[in-house]
Every structure is written in C-alpha cells, then in structure tokens.
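The sequence lines fix the lettering, A, B, ..., with proteins before strands; numbering per chain opens at 1. Please read all numbers here as calculations on a predicted model, not as lab measurements. The figures here come from the full heavy-atom set of this structure, side chains too, leaving out hydrogens, waters and symmetry mates.
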Protein chains: 2
Amino acid sequence: MNDTTPRTAVRMTRQRAAVAGALGDTDEFCSAQQLHERLRTRGDAVGLATVYRTLQTMADSGDVDVLRGEDGENLYRRCERSEHHHHLVCRVCGRAVEIDGPSVEAWAASVGAAHGFADIDHTVELWGTCVQCRR
Amino acid sequence: MNDTTPRTAVRMTRQRAAVAGALGDTDEFCSAQQLHERLRTRGDAVGLATVYRTLQTMADSGDVDVLRGEDGENLYRRCERSEHHHHLVCRVCGRAVEIDGPSVEAWAASVGAAHGFADIDHTVELWGTCVQCRR
DNA sequence: AGTCGTGATGAGAACGGTTGTCAACTCGAC
DNA sequence: GTCGAGTTGACAACCGTTCTCATCACGACT
C-alpha cells in the first residue's frame, strides 16, 4: 500500500516508441490519422486506436500539445515547453510557433472575475499562413 | 447582370421564423440539437437538417454567433453586436457575456507579422462557471 | 531462460455531430 | 391561380473518435 510500488506502470512498447518517433520527426501539428498513415508508410504500422490512445496519454502527461483545428479535428505536436503557452499555427502546413501572451492570462482572469465567473479557462490560438505556404 | 435583381431571394418560412424565435428566447449558447429539441417540445417542429442549415445561414450572414464548445460541438446564440468580439461562456449552462479584448487584436496581428505569417485569424474564448451554476 | 499477471494492442463495431440526397412542398412574384 | 426556384424533411452517408474484447507481450520475479 505504499507509493513506491507503482501499481500502474507505463510500459514501453514498440507502438509507443513508434508514435513518439514519428512525432519527433516534425515541428508541425498533425492529426492522429496523418500520424497513423505516416507510421504505416514508414513500415512501423500501429493500429489507429492505439495511435489515438497513445496521443491521448501523451497529451495528458504533457508530452504533446493538442489543439483543435479549424475543421474540428485534434492536432498534435511534440511539446517543447511544459509551461502554459499558445500557438501561432500555419493553417496550410501545420507548422507552428510557440508564443506566450504575457497579458492574456491576467486579462482572462480579470474579465472572468469581473463577471462573477470562476474556474476561468481560456482558448487562445492564432492561425495564419506561413512564409513558405504563402508563395 | 445587375445587382438590383437578386437571383437568390431568402424566403421567410415557418421554419426559419421558428428557429429565429427559439434563439431569441435565450441569452445562452446552445447546440443545434438542443434547439431542435426545444422546437419540437414547443410544438414548432422543424427538421434537424433544416435547423443546421438555418443556423449555418444565419451564422454566415452574421445573425448568430457560433463557437465550438469544449467537446467539439458547435454552439449558437443570437448575436447582439455585429462588431468583432469574444465571449466569456459558462461551461455549465451556456450563458455568455460578450467581451472585447482591446489589446488582443493588435497583439495577434503583431505576433503574426513578427513571424512572417499572413492572414492572421485568432480564436479567443473564455470558459468559466457562472454564479448561478457555481452553487 | 521460464512464468505469470496485467497493461497494451488491433480489427472492427459503435457513436455522435454534421452534411448530403432527393422527392415533395411552398413562398411569392406575376 | 400559376409556376418555378428556393426550401424542407426523412434518412443515409460521413468522419473523427471511442469502445469492445479476445489476444498479445512487457517486465518483474524466480
């Protein structure tokens, strides 16, 4: 009954290594399905459900950033910073820049409080077209 | 070839009036399905597809605000201001306050430009729990 | 190296929101 | 009243994501 004996160990499997590897290959946000396809063509086939599960787990533990694309699907990218931050994402290729809005956090909290709302959470993402994709 | 003869008139139908009426009843953001259900119990039955189509049309013309809920579904609310603005939404009841982040717009544009991104668009929504729902 | 328990996997079904299909309908201009 | 084009509704199709469950394989412990 002591915590020194983790009851739920996270096992390292070929599949998890593959997903992590594929994510490490790029700076761009990509969907679970894109990742699944990339792994398949790479010869590192992993079940789609597993890709979803793995990404979810990694997102929970803060190993990947998740954000909802403009069409509603979830996009993932390996996380470079563990602190809270936002993104400037290219809507064409998915390339992203991590940014922080120094004032945003404070602004969100104060606006929330001013209207009597608690547990304020905020969504702040910037979409644009990067130089390469602009042509 | 002159604009004085609109080729595609928007017709006022019982269904559109019903959807508009249901939206006018509340200040809260609600989903297409909630609206559909509300209309049904009200005796003003409208097909689900029609509710979706009508909301989409109204959103395009700026008559309703749309935002994507935390679970990914689209939420609609009658629009009070046509100018660009953001929302502070109660994640429990959907009640919302229209807000504007004076600095947000400028900040988004400058960050985008600084990284060579064009056509910057931004998503800024605040979620919280309102007084009534806090208990 | 062999055992074993439990977490992990994958194929496919299920789900939930949304959009497409198409024949029947109805608004509204004439 | 007529007529045509926009509109509607029941239902199928879509699509991303999650669930199911039998089978597999880490890895801790011999």
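- Atom CZ of A/Arg14 and atom C1' of D/dA25 are 11 Å apart (whole Å).
- With hydrogens and angles ignored, a donor-acceptor pair under 3.5 angstrom links the side chain of A/Arg53 to the base of C/dG10.
- Atom CD of B/Glu73 is separated from atom C1' of D/dT18 by 16 Å (rounded to the nearest Å).
- Heavy-atom nearest nucleotides on DNA chain C were determined for B/Gly72 and for B/Thr13, and the one closer to the 5' end corresponds to B/Gly72.
- When distances run from any side-chain atom of B/Val10 to the nucleotides D/dT7, D/dT17, D/dA10, the shortest one goes to D/dT7.
- The distance from atom NE2 of A/His36 to atom P of D/dT17 is 13 Å, rounded to the nearest whole Å.
- Summarising the geometry, the separation between CG on A/Asp44 and P on C/dG10 is reported as 11 Å, rounded to the nearest angstrom.
- Among the nucleotides C/dG17, C/dT9, C/dA11, the one closest to the side chain of B/Gln33 is C/dG17.
- Regarding contacts with the backbone of C/dG10, a side-chain N or O of A/Gln15 is found under 4.0 angstrom from either OP1 or OP2.
- The distance between atom CD of A/Gln34 and atom C1' of D/dT17, rounded to the nearest whole Å, is 15 Å.
- Between B/Leu75 atom CG and C/dT18 atom C1' there is a gap of 14 Å when expressed in whole angstrom units.
- No donor-acceptor contact under 3.5 Å links the side chain of B/Arg16 to the base of D/dG6.
- In the set D/dG27, C/dG20, C/dG10, the nucleotide with an atom closest to the side chain of A/Met12 is D/dG27.
- One donor-acceptor pair, N or O on each side, does fall under 3.5 Å between the base of D/dG6 and the side chain of B/Arg11.
- The side chain of B/Asn74 contributes no N or O atom lying less than 4.0 Å from OP1 or OP2 of C/dG17.
- In this model, the phosphate group of D/dT18 is approached by a side-chain N or O of A/Gln56 to a distance below 4.0 Å at OP1 or OP2.
- Proximity of B/Tyr52 to the phosphate of C/dT18: a side-chain N or O atom is located under 4.0 Å from OP1 or OP2.
- Of the charged side-chain nitrogens involved, none lies within less than 4.0 Å of a carboxylate oxygen, so that A/Glu28 and A/Arg78 do not count as a salt-bridged pair.
- Partner A/Asp65 forms a side chain to side chain donor-acceptor pair (under 3.5 Å) with one of A/His87, A/His86, A/Arg77 and no other, that one being A/His87.
- Ion pairing between a basic and an acidic side chain is recognised when a charged N comes within 4.0 Å of a carboxylate O; B/Arg91 and B/Glu70 show such pairing.
- Of the candidates D/dG9, C/dG10, C/dG17, D/dG9 carries the atom nearest the B/Thr50 side chain, counting heavy atoms from C-beta on.
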When you look at B/Arg38 and B/Asp44, which way does the salt bridge (charged side-chain N to carboxylate O under 4.0 Å, His left out) test go after all the steps? CA-CA 9 Å; B/Arg38 187 180 306 168; B/Asp44 245 352; over 6 Å; no

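- Counting to the nearest Å, the P atom of C/dA11 and the CZ atom of A/Arg40 are 11 Å from each other.
- A salt bridge is defined here as a Lys NZ or Arg NE, NH1 or NH2 lying under 4.0 Å from an Asp or Glu carboxylate O, and B/Asp71 with A/Arg68 fails to meet this definition.
- Summarising the geometry, the separation between CG on B/Leu55 and P on D/dT8 is reported as 12 Å, rounded to the nearest angstrom.
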